[in-house]
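Sequence lines set the chain letters: A, B, ... in the order given, protein chains first and strands last, and positions in each chain run from 1. Values in this document were obtained by computation on a predicted structure and should not be read as measured data.
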Amino acid sequence: MPGIKLSEKTIGIIQQICSDFRNEGSELINVLHQTQGKLGYLPAEVQEVIAKELNISVAKVYGVVTFYSFFTMIPMGEHPISICMGTACYVRGSEQVLAEFKRQLSIEVGQSTPDNKFSLNCLRCVGACGLAPVVMVGDKVYGRVSPQMVKNIISEYKEGCASEAKSA
Amino acid sequence: MTISYQLKRVDFIFKNENDWEDVLSKSISRTPQELINELISSELKGRGGAGFPTGLKWKLSSEEGDDTKYVICNADEGEPGTFKDREILSRVPFKVLTSMAVCGHVIGAKEGYIYLRGEYFFLQPELNKAISEFEYYCKEINLDFKIRIFMGSGAYICGEETALFESMEGKRGEPRNKPPYPSSYGYMGKPTVINNVETLAHTFTIFKYGAKRFYDLGVQYSRGSKLFSVSGDTPKPGIYELELGMSLADFVDEFGDGDTKAVQVGGASGFLVPRKRFNETAIGFQGKLTGISLPTGGSMMLFNSSRSMFNVLDNYLEFFREESCGQCTPCRVGCQQLLSGIKAVKRGEKNAQYLDKLMRLAETMQYTAKCGLGQSVANSFSSIVENFREEMIY
């Protein structure tokens with residue numbers, strides 16, 4: 001794996017988070033949430049620092065990071081797009097919606113656009129089955145999405161309302 | 001046999017919670033034994049799907065001698081087609097908090113946790129606000145009880161109670177062997193009561209109005225009301241509180257779009273009921289149909305005749321394969337094999353009899369898998385393959 005060198009500052013951030021949780025191994029998941037929130041993702045190098053700070057093995061950290069779907073080892077786009085593939089959404093056509101997103105952005109699931117503006121992911125039920133099919137962009141939820149709506153959703157984020165959408 | 005209970009709407013859960021302070025202070029002035037008896041006589045069963053008697057759960061933990069005990073609210077609502085807990089936590093959070101504190105009083109716990117599903121992070125700020133208001137009142141009445149939110153990280157299996165403990169302890173969410181049960185060995189190895197969000201909301205009703213009001217609803221073995229999350233091909237998706245014991249036929253009359261071919265009761269881990277069985281199927285614990293052992297109940301997904309049941313099953317198996325924690329072989333390999341098996345049959349690479357082999361595999365998983373996830377794959381698999389065999393093949 002091509003290593004990345006963490007800056008002193010980044011290491012400092014991670015150390016601070018760990019000490020906020022009293023450097024306890026049982027707080028690993030909270031630490032990972034916080035760290036990903038600050039850094040955006042959890043590459044192996046970050047996991048090594050966390051393991052050292054919490055005094056647990058890197059294998060354990062890696063095991064937890066790869067177990068939970070919320071943790072990612074690759075950076076996400078500025079606007080992560082998630083398409084719900086829960087059953088209610090699925091039968092109401094989320095596959096076509098996903099296909100349209102792939103087509104519009106020319107990326108596959110798990111990838112980001114070259115400008116790093118969008119990334120595409122699938123979710124397992126966001127708990128909004130009454131609105132199926134559901135798409136999330138960042139924290140914002142779109143209900144009853146049809147393939148025809150995809151273009152408009154994407155353009156919302158292309159045209160500088162990014163900051164507004166983020167706070168929603 | 002035709003079951004003739006009418007569909008009855010009930011309005012307890014979302015009714016105002018303004019008197020929670022009153023309910024809390026009155027409840028904790030009663031003895032634990034009284035409260036346990038009240039719960040037991042209401043015959044409330046866990047609303048997550050497994051249906052364990054709530055009163056008994058509290059009683060078992062109260063009898064443990066440990067100094068440190070925990071109360072956990074399971075808000076890891078992950079069953080596809082379920083969205084009731086989210087609604088409870090955003091509309092009547094104080095009911096849940098009150099019941100947690102009363103539970104703490106009963107079993108002798110000073111700490112409570114809400115294990116909140118990762119996808120519901122947006123609920124966190126409001127919920128934290130409610131918690132601080134709640135703790136402020138607790139201090140006023142000299143009740144020593146703290147509540148903290150623990151955020152899940154996107155793993156369906158963590159709804160299983162022992163996997164949830166593992167996850168809270170900072171580990172991979174892999175279920176433990178049972179026994180020991182959570183009532184004696186739960187979070188951090190301490191006696192723990194873990195209840196579903198909805199169950200706690202119901203206990204509030206019971207402490208407020210008394211067990212009888214609750215017991216009078218529903219039918220034998222399935223007392224009280226329950227929230228149902230209705231989705232799929234229906235003109236009115238949403239959350240409805242209904243009395244238990246209704247027939248599925250009445251349910252479909254109310255919520256169907258006139259062309260309902262089948263209803264999935266209890267989400268991916270539940271059962272598919274085809275149209276011809278609507279009349280003989282009741283929704284309640286004895287009808288064996290409120291979800292089996294995974295902690296989420298109340299998912300009702302309607303499918304009309306335009307839906308391919310092969311696609312539905314394909315989606316479920318895809319889900320299980322993804323969410324299997326991989327710890328035990330029957331579940332890890334079983335889910336993969338069931339998925340590739342039905343695809344092979346569909347493509348004509350295997351003959352139709354191969355479906356029977358797959359059914360036997362599903363049955364084996366039911367007996368040998370370690371936890372409810374692997375055990376309940378057979379529920380949806382067998383009920384779909386049995387009832388819509390031709391759709392699996394052609």
Taking only residues two or more places apart in sequence or in another chain, which ones pass side chain to side chain contact (heavy atoms under 4.5 Å, CB included) with E241(B)? V10(B), F12(B), I13(B), H202(B), S225(B), L227(B)
Spacing of [X] atom [atom1] and [Y] atom [atom2] [to the nearest 0.5 Å]:
| X | Y | atom1 | atom2 | result |
| --- | --- | --- | --- | --- |
| F67(A) | S153(B) | CZ | OG | 10.0 Å |
| L28(A) | E169(B) | CG | CD | 12.5 Å |
| F70(A) | R117(B) | CZ | CZ | 7.5 Å |

Minimum heavy-atom separation for Y68(A) to C158(B), with atom names? CE2-SG, 3.7 Å
What residue, out of [options], has the most heavy-atom pairs lying under 4.5 Å from chain A?
| options | result |
| --- | --- |
| M168(B), M188(B), K236(B), R148(B) | R148(B) |
| G118(B), A268(B), S306(B), S229(B) | G118(B) |
| P237(B), C325(B), S231(B), G154(B) | G154(B) |

At a 4.5 Å cut-off on heavy atoms, which part of [X] comes close to chain A: side chain, backbone, both, or neither?
| X | answer |
| --- | --- |
| F122(B) | neither |
| E323(B) | side chain |
| D314(B) | side chain |

Neighbourhood of chain B inside residues 48-64 of chain A, taking heavy atoms under 4.5 Å as contact: K60(A), G63(A), V64(A)
Does anything in residues 91-114 of chain A reach chain B? List residues with heavy atoms under 4.5 Å apart, or say none. V91(A), R92(A)
Using ring pair (Phe, Tyr, Trp, His ring centres under 6.0 Å) as the criterion, list what pairs up with Y115(B), not counting sequence neighbours. F150(B)
Do the side chains of [Y] and [X] get nearer than 4.5 Å, heavy atoms only?
| X | Y | value |
| --- | --- | --- |
| R172(B) | T66(A) | yes |
| M301(B) | T87(A) | yes |
| Y156(B) | C125(A) | no |
| S69(A) | E322(B) | no |
| Y90(A) | P80(B) | no |

Is A132(A) in contact with chain B via its backbone, its side chain, both, or neither, using a 4.5 Å heavy-atom distance? neither
Looking only at heavy atoms and a cut-off of under 4.5 Å, which of M136(A), H33(A), E24(A) has the most pairs with chain B? H33(A)
